[in-house]
A.B. asks: 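Sharing a structure here in structure tokens format.
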Amino acid sequence: MSRIYKIAIDGPSGVGKSTLAKGLAKELGFVYVDTGAIYRTVGLYAQYNEIDPHDEEGLSAHFGKIDIELKWEDGAQHVYLCGKDVSEEIRTPKSSMYASAVSALPKVRAFLLDMQRSIASKTSVIMDGRDIGTVILPDADVKIFMSADEVSRAKRRYKELCEKGQTVSFDEVLSDMKQRDFNDSTRSAAPLKPAEDAVMFDNTELDIAQTIEAAKKIITEKIGNEL
Ligand code: DC
């Protein structure tokens, strides 16, 4: 590979961004960056320290102490908060709601911007999130905006949480998802929306293998077979 490539994947929760991005990263030999994990970690910090996740001033006063590090171990991204691996802990339904709340704060987004851009400046990445194509990597080589119908997404997320041993009801997952979609797409700071040059990709009817194949086609159409 002669140069660094940037692939941006955005879309709502439960649409399969991380499954797709992980699969593609493995095939292409790129680093997969899950940016949601970074917001989740800031949310976890707020949880630990009993800070209201809507309190921008209160939370930003702590930025000097919020030490977040991403590491890739055995091919998987791990996120560390002040030296502790919190990769599992950030996945609870409560952490999801905290992440959605803190991610609406402009100061939090500004705080995390350089970290995300700096990773993408060093190596070829597939980065997933909500504003990768619009704000973080506006110069990405390929931008994919994923969607799928709400109930299918909630079913996928429910299955994932059950497999992790968490006790949740389907209705709870669906209503949390609706709430987060609403928060993430109506906030004023970097709302979830497709970049003008994003390729729209609905995978409601596709399984994982089909989703990866379809995305590979989009990538090849954009940048040819040079990878
Ligand atoms: O992708 P996820 O569900 O792990 O993300 C958790 C929350 O973080 C999500 O509700 C919105 C926010 N987020 C964001 O605002 N921007 C990103 N690039 C990634 C996530």
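Start at 1 and go down the list; that is how both ligands and their atoms are numbered. Given the structure is predicted, the values throughout are model-derived calculations rather than measurements.
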A.B. asks: Within this structure, what is the CG-CE distance for the pair L206 and M146, rounded to the nearest 0.5 Å?
C.D. replies: 8.5 Å
A.B. asks: Hey, is ligand 1 close enough to R157 that some N/O pair sits below 3.5 Å?
C.D. replies: no
A.B. asks: Whether the D176 and S96 side chains hold a donor-acceptor pair (N or O, under 3.5 Å, no angle test) is what I'd like checked.
C.D. replies: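 No donor-acceptor contact under 3.5 Å links the two side chains.
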A.B. asks: Test question: given the 4.5 Å side-chain rule for I, L, V, M, F, W and Y, name all other residues clustered with V173, or answer none.
C.D. replies: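 V173 shares its hydrophobic cluster with V151, Y158, L161, V168, F170, L174.
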A.B. asks: Purely on distance, is any nitrogen or oxygen of R180 under 3.5 Å from one on ligand 1?
C.D. replies: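 Yes, at least one N or O pair falls under 3.5 Å.
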A.B. asks: Tell me: protein heavy atom nearest atom 8 (O) of ligand 1, and distance?
C.D. replies: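 That would be Y39 CB, 3.6 Å.
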A.B. asks: What about K17: any of its N or O atoms under 3.5 Å from an N or O on ligand 1?
C.D. replies: no
A.B. asks: Is it true that S103 and R187 share a donor-acceptor pair across their side chains at a distance under 3.5 Å?
C.D. replies: yes
A.B. asks: Would you say D131 has any N or O atom under 3.5 Å from an N or O of ligand 1, going by distance alone?
C.D. replies: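 The answer is yes, given that D131 and ligand 1 share an N or O pair closer than 3.5 Å.
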A.B. asks: May I ask you to say whether R156 pairs ionically with E160, meaning some side-chain N is under 4.0 Å from a carboxylate O?
C.D. replies: no
A.B. asks: Which one of S103, S13, P191, A104 has a non-hydrogen atom at the shortest distance from atom 12 (C) of ligand 1?
C.D. replies: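 Comparing heavy atoms across S103, S13, P191, A104, the nearest one to atom 12 (C) of ligand 1 lies in S103.
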A.B. asks: Any Lys/Arg nitrogen of K84 or E89 sitting under 4.0 Å from an Asp/Glu carboxylate oxygen of the other?
C.D. replies: yes
A.B. asks: What protein heavy atom sits nearest atom 11 (C) of ligand 1, and how far away is it?
C.D. replies: D184 OD2, 3.3 Å
A.B. asks: Which is closest to atom 18 (N) of ligand 1 by heavy-atom distance: L192, L112, L105, T35?
C.D. replies: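 Minimum heavy-atom distance to atom 18 (N) of ligand 1 goes to T35.
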A.B. asks: Which protein heavy atom lies closest to atom 20 (C) of ligand 1, and at what distance to 0.1 Å?
C.D. replies: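 It is G36 CA, 3.6 Å.
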A.B. asks: Does an N or O anywhere in D34 fall below 3.5 Å from an N or O of ligand 1?
C.D. replies: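 For ligand 1, there is no N or O atom that lies under 3.5 Å from one belonging to D34.
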A.B. asks: Tell me if a side-chain donor or acceptor on E73 pairs with a main-chain N or O of H78 at a distance below 3.5 Å.
C.D. replies: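 It does not hold such a pair.
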A.B. asks: Can you check whether R91's main-chain N or O pairs, donor with acceptor, with S95's side chain at less than 3.5 Å?
C.D. replies: no
A.B. asks: Excluding sequence neighbours, so at least two apart, what forms side chain to side chain donor-acceptor pair (under 3.5 Å) with Q210?
C.D. replies: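 Here no residue qualifies.
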A.B. asks: For atom 4 (O) of ligand 1, what's the nearest protein heavy atom and its distance?
C.D. replies: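 Going atom by atom, the protein heavy atom closest to atom 4 (O) of ligand 1 ends up being R40 NE, 2.6 Å.
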A.B. asks: Would you mind checking which non-hydrogen protein atom is closest to atom 16 (N) of ligand 1, with the distance to 0.1 Å?
C.D. replies: R109 NH2, 3.0 Å
A.B. asks: Could you say whether the N/O atoms of R130 and ligand 1 ever approach to under 3.5 Å?
C.D. replies: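 In this structure, R130 places an N or O atom under 3.5 Å from an N or O of ligand 1.
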A.B. asks: Tell me if a side-chain donor or acceptor on R40 pairs with a main-chain N or O of I90 at a distance below 3.5 Å.
C.D. replies: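 Yes, the answer is positive, given that a donor and an acceptor are paired below the 3.5 Å cut-off.
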A.B. asks: At a non-hydrogen distance cut-off of under 4.0 Å, which region of R187 contacts ligand 1 (side chain, backbone, both, or neither)?
C.D. replies: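 Only the side chain of R187 comes within reach of ligand 1.
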A.B. asks: Under 4.0 Å from any heavy atom of A99, which atoms of ligand 1 are there?
C.D. replies: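 Contacts of ligand 1 toward A99, numbered from 1: 6 (C), 7 (C).
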